[in-house]
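Below, read A as the first sequence line, B as the second, and so on, with proteins coming before strands; counting in each chain starts at 1.
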Protein chains: 2
Amino acid sequence: MTAWEAHARETLAGAGRRAGRARELVISLLARQQCCLSANEIFDSLRTKDRRIGLASVYRALDQLVGLQLVQRLEFADGARYEPLLPSGEHHHHLMCDDCGKVEPFADGGLERALDRVGGDLGYRVEAHDVLLRGACAECRA
Amino acid sequence: MTAWEAHARETLAGAGRRAGRARELVISLLARQQCCLSANEIFDSLRTKDRRIGLASVYRALDQLVGLQLVQRLEFADGARYEPLLPSGEHHHHLMCDDCGKVEPFADGGLERALDRVGGDLGYRVEAHDVLLRGACAECRA
DNA sequence: GTCAGTGCAAAGCTTTTGCAGCGCG
DNA sequence: CGCGCTGCAAAAGCTTTGCACTGAC
């Protein structure tokens with residue numbers, strides 16, 4: 001079990017939530033991911049292991065996890081995707097290939113510093129930021 | 001007529017597109033905006049002036065404008081929004097207030113430089129980037 | 001005259017909600 | 001044993017598509 005997974009279960013228990021089949025499976029699947037997944041991808045993946053899972057429960061679990069800041073919701077042109085939000089605050093952003101649809105993570109300290117600076121310069125108290133780069137990946141450029 | 005509006009009509013004509021009622025109205029409305037609008041906001045605004053406008057035509061016009069790189073499509077949690085893409089390449093990003101839903105534009109040279117650098121550091125040829133900051137605006141912080 | 005553009009209505013998707021039953025604590 | 005969690009089905013948006021008609025070039 002990853003540190004995030006333990007943190008997630010602890011936070012849920014602390015918020016008075018009871019452990020149910022669907023949400024437990026969503027958590028353990030997310031914990032094993034390198035990058036973001038759509039609700040449908042999560043549902044399909046879980047369905048192959050347990051025929052009883054319902055799509056609505058996947059959405060409900062994700063909503064709760066987002067509300068407790070355990071998961072980040074990302075907006076893409078073809079719908080939302082979700083990924084674990086590490087308690088360390090460490091995070092990454094995404095690159096999407098317009099040709100093949102592939103999504104990859106990347107991290108960049110200089111970009112983070114620029115983003116933090118922008119928040120301070122405006123009247124806003126910035127809670128979160130999303131960055132999405134779109135273009136042609138190395139393979140599709142060929 | 002703004003420079004963008006003239007540029008848009010010229011580009012459409014050059015692509016062999018014929019001028020129709022709906023798309024002309026969408027263009028003249030977008031040209032007058034300071035920030036992004038949803039398809040429904042565009043539809044509602046045009047409907048009050050011309051009862052014949054159809055929502056499907058608004059979507060079709062926006063698709064074409066996005067395809068010709070005259071308009072940028074932005075993904076928000078409650079759907080897509082659209083705004084003119086200036087031929088100068090000059091552009092801005094968005095701040096959204098989680099409390100009141102207000103969306104405001106901002107521009108930051110340091111952020112743009114950081115974004116451009118990231119593109120070069122990876123195998124990607126980056127065509128576009130989107131940045132969305134979320135938080136509490138000055139009014140809602142009170 | 002041809003064919004892109006248009007409005008309407010219907011369909012497609014993702015996401016949410018209602019409801020009755022299950023099961024965690 | 002109460003109430004949160006679940007699955008199913010239905011509903012609710014946003015967006016796209018089919019079709020016949022209109023009108024720009």
* To do: Mind grabbing the angle between the end helix axes of the helix from C/dG1-D/dC25 to C/dG25-D/dC1? Five pairs an end, 10° rounding.
  => 40°
* For DNA chain C, find the residues of residues 48-59 of chain A with a heavy-atom distance under 4.0 Å and give them by number; none if there aren't any. => A/L55, A/A56, A/Y59
* To do: Establish, with yes or no, whether the OP1 or OP2 oxygen of D/dC5 is under 4.0 angstrom from a side-chain nitrogen or oxygen of A/R18.
  => no
* Asked: Is B/R141 paired with B/D99 through a side-chain N to carboxylate O contact shorter than 4.0 Å?
  -> no
* Asked: Checking A/W4 side chain against A/L30 main chain: does a donor-acceptor pair fall under 3.5 Å?
  -> no
* Structure fact -> Residues passing the side-chain contact (heavy atoms from CB on, under 4.5 Å) test with B/E10, sequence neighbours excluded, are none
* Identify whether the distance between the nearest side-chain nitrogen and carboxylate oxygen of B/K102 and B/E139 falls below 4.0 Å. => yes
* Give B/R23 one of three labels, base, sugar-phosphate or nothing, depending on what nucleic acid heavy atoms sit under 4.0 Å from its own. => sugar-phosphate
* **Of B/Q34, B/H94, B/R73, the residue whose pairing with B/E83 passes side-chain hydrogen bond (donor to acceptor under 3.5 Å, both in side chains)** => B/H94
* Under-4.0 Å side-chain N/O to phosphate OP1/OP2 contact, A/Q64 with D/dC5 -> yes
* To do: Indicate, with a heavy-atom threshold strictly under 4.0 Å, whether A/A61 touches base, sugar-phosphate, or nothing.
  => nothing
* Gap between atoms CZ and C1', on B/F76 and D/dC14 respectively (whole Å) -> 15 Å
* Asked: Which pairs, with at least one residue in residues 123-142 of chain A and sequence neighbours excluded, count as a ring pair (Phe, Tyr, Trp, His ring centres under 6.0 Å)?
  -> A/H91-A/H129, A/H93-A/H129
* Side-chain N,O (A/R47) to OP1/OP2 (D/dC8) below 4.0 Å -> yes
* To do: Give a yes or no on whether B/Q69 atom CD has more than 12 heavy-atom contacts from other residues, nucleotides or ligands under 6.0 Å away.
  => no
* N or O in side chain of B/R21 less than 4.0 angstrom from C/dT6 OP1/OP2 -> no
* Structure fact -> The residue, B/E75 or A/G20, whose nearest nucleotide of DNA chain D is more 5′ is A/G20
* To do: Have a look at A/R81 and say if it touches a base, only the backbone sugar-phosphate, or nothing, with a 4.0 Å heavy-atom cut-off.
  => nothing
* To do: Would you jot down, in residue-number order, the residues of residues 31-46 of chain A having a non-hydrogen atom under 4.0 Å from DNA chain C?
  => A/N40
* Is there any salt bridge (charged side-chain N to carboxylate O under 4.0 Å, His left out) pair reaching into residues 47-65 of chain A, and which pairs are they, with sequence neighbours excluded? -> A/D50-A/R52
